[in-house]
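Below, chain A is the first sequence line, B the second, and so on; all start at residue 1.
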Amino acid sequence: MTTGTRPRLRFAPSPTGYLHVGGARTALFNWLYARKFGGEFLLRIEDTDKARSTDESTRAIFEGMEWLGLLWDDGVVYQGANLARHQADAKKLLDSGAAYRCFCTPAELDTRRREAESRKEAFKYDRRCERLPREEVERRVAAGEPYVVRFRVPEGTTEWDDMVHERIAFPNKDIEDFVILRSDGTPIYNLAVVSDDIAMRITIVMRGDDHISNTPKQILLYRALGASLPTFAHLPMIHGLDGKKLSKRHGATAVGDYQHYGLLPGALLNFLALLGWSPGGDREIMTIPEMVELFSVDGLQKKAAIFDPQKLEWMNGQHLSMIPLEELEPRVTPAIVTARLATEEELVERRDWYLRLLDLLRVRSRTIDDIVRQAGPYFLEDIEYDPVAVAKSWKDPAEASALLRATREALAKVPDWQTEPLETSLRTLAESRGITAGKVFQPLRVALTGLMVSPGIFEMLIQMGRDLSLKRIDKALTALDG
RNA sequence: GGCGCUAUCGUCUAGGGGACUAGGACGGGGCCCUCUCAAGGCCCAAACACGGGUUCGAAUCCCGUUAGCGCUACCA
């Protein structure tokens, strides 16, 4: 264990897809730990599987991390660039006798594995190449026969104190002599990881608990390489609603999906943090700085958590209402522009009005898209009338028309377009007609927005302004009378 | 199959031997507020997997059972 020095952690995704929410959560915990305890958070791209790694995936990972605000210290480490060191480490192990050459071919291994399975036995490499005479090994190497390098697993037990779990122990007899270098000379995961983590001076390896069974192998490698061990922390998995490991068939699993769906990064992070960690007590809604402040290893969960999209949406709604309008604005504006409701310039021109609108709409929204969906009537020249709204609130066209006409007259006479006088005017109108105020408001709502639901009627009148409000009523009258 | 990890409401969790009639949140149901929808407030239903111990006393500690999940490649 390294103590006294600043902790160094890393997030090490393989670029074989998108940035997965599970990966994002692993990154988050690493990042939180580094921020909380004054350490370094590094990013390493594990691209040694050339068949599956793509530049596009690498870019997606960067984008996802940046959007989430999980920024890394120092430059990105590309594992593929460290081939020479990986090979040198393998050579070191070969020279010290900690590893040996194995000439068994994949086909042979496969056959033996199948045989073992058909006998219902656990397959484990039988070490037949381990005791090959030196002369034979040299002869076969000289003859150009392909070979892999295998690690010679010693006797005993390999164990460690996990930060999340307690002590975890594996009898070495259950670990086979695993391959560390392929026949083409490239490293296998466990070697590459250990070699890089040593080189990067990583002190805490925090990752998904699907790596628990790799850990004893890696510990053995650290020892054989003469390096000191990092502290291991194995985080629980995230499962889908069916209890299985989260995958594509569970729907949206990429961080980018949620970005496009209109979520706030702070909300996604808050939700992910609570999936596998608790600050203790009843605390739920947290900003990123608050999460850093509250973070501790004690609150880390051992049990896999199920990803519940409903709670995520609720949480996003909370964040939407909570963050400063100035912070919300730049996240909504691109969506407004994309929806062709307004140009960025128009929004800048009417900034105060625009911020007030956002404030009106966000309380009844769970996503940024919800806000955009409600924003139409405030920007567009023409609105569409929702058939259901028309059927319900303009049930009798003649009656609705008469009422709206009276409403228009009353509103037109209001000298000061403010809540108080507007409210007095409409309530007086209702009273004089012997109907409840709601009976006046609802047809007006449909005239103004074309919809059944909206913010409060006076808030809307003010937000739309006198001219647009009256114009909307005129158009409604045309539609009703026509 | 072998090895490993895990086990509190449907879900996320609080709880770290007596404060538990097991608390909060999402979701569900009801009520209030109210011009609609939200938001908010109040209330209801809903859990310690099972079996043994340890102890005066277990959701909390130990051991089994069961179940779920993960790993079991010349993938990462």
Side-chain angles (χ1 to χ4, degrees), chain A residues 12-16 46-49 51-53 79 102 104-106 109-110 113 116-117 119-124 146-150 162 164-165 168-171 173-176 178-184 186 188-190 192-193 208-216 234 236-237 239 241 243-245 271 274-285 298-299 301-308 310-315 317-318 321 361-366 370 374 389 392-393 423 426-427 430 436-442 444-446 449 451-458:
Chain A
S14 52
T16 54
E46 308 217 320
D47 53 357
T48 51
D49 182 354
R52 295 197 301 155
S53 300
Q79 190 159 65
C102 169
C104 299
T105 66
L109 257 12
D110 202 47
R113 210 181 328 262
E117 268 168 29
R119 287 194 308 268
K120 290 187 135 186
E121 281 170 22
F123 175 78
K124 189 179 149 195
Y147 63 86
V148 298
V149 177
R150 278 186 191 272
D162 200 271
V164 177
H165 301 269
I168 300 178
F170 283 79
K173 66 173 175 53
D174 293 329
I175 308 169
E176 70 170 356
F178 53 97
V179 175
I180 56 175
L181 213 58
R182 296 186 183 89
S183 51
D184 68 357
T186 58
I188 287 292
Y189 174 71
N190 284 124
V193 165
D209 69 13
D210 48 343
H211 285 288
I212 285 180
S213 45
N214 280 320
T215 305
H234 287 96
M237 303 271 86
H239 289 167
L241 261 4
K244 299 272 197 288
K245 193 171 165 181
F271 175 73
L274 256 26
L275 239 44
W277 174 72
S278 165
D282 297 336
R283 195 67 189 279
E284 295 233 68
I285 303 295
D298 301 331
Q301 208 68 23
K302 296 185 183 75
K303 189 183 69 164
I306 290 174
F307 190 96
D308 179 3
Q310 274 190 315
K311 185 154 186 177
L312 206 208
E313 278 203 18
W314 166 79
M315 188 160 279
Q318 295 291 309
S321 293
L361 301 184
R362 66 172 171 174
V363 66
R364 55 210 101 220
S365 302
R366 289 199 154 186
D370 282 344
Q374 296 176 77
K392 282 197 128 173
S393 300
E423 184 153 7
L426 292 190
R427 287 196 189 277
T436 60
K439 288 275 191 290
V440 175
F441 298 165
Q442 201 55 19
L444 175 57
R445 185 187 317 282
V446 177
T449 64
L451 305 170
M452 283 286 285
V453 305
S454 81
I457 203 80
F458 305 108

- Taking only residues two or more places apart in sequence, or in another chain, which ones meet Asp210(A) in a salt bridge (Lys or Arg N to Asp or Glu O under 4.0 Å)? Lys245(A)
- Hits for salt bridge (Lys or Arg N to Asp or Glu O under 4.0 Å) against Glu176(A), two or more places apart or cross-chain, chain-then-number order -> none
Which part of the nucleic acid, if any, lies within reach of [X] when heavy atoms closer than 4.0 Å are counted: base, sugar-phosphate only, or nothing?
| X | result |
| --- | --- |
| Asn190(A) | nothing |
| Thr436(A) | nothing |
| Arg52(A) | base |
| Lys124(A) | nothing |
| Glu423(A) | nothing |
| Gly456(A) | base |
| Ala305(A) | sugar-phosphate |
| Ser278(A) | sugar-phosphate |
| Pro455(A) | base |
| Ile188(A) | sugar-phosphate |

- Results of side-chain contact (heavy atoms from CB on, under 4.5 Å) for Gln310(A) - residues two or more places apart only: Asp308(A)
- With sequence neighbours excluded, what pairs up with Arg364(A) under the side-chain hydrogen bond (donor to acceptor under 3.5 Å, both in side chains) test? none
- Task: Tell me, please, which residues at least two apart from His165(A) pass side-chain hydrogen bond (donor to acceptor under 3.5 Å, both in side chains).
- Result: none
- Task: With a 4.0 angstrom cut-off to heavy atoms of chain A, pull out the first and last contacting nucleotide of RNA chain B, in 5'-to-3' order.
- Result: rG1(B) to rA76(B)
- Both distances under 3.5 Å, Watson-Crick or G-U wobble: report the partner of rC42(B), or none. rG30(B)
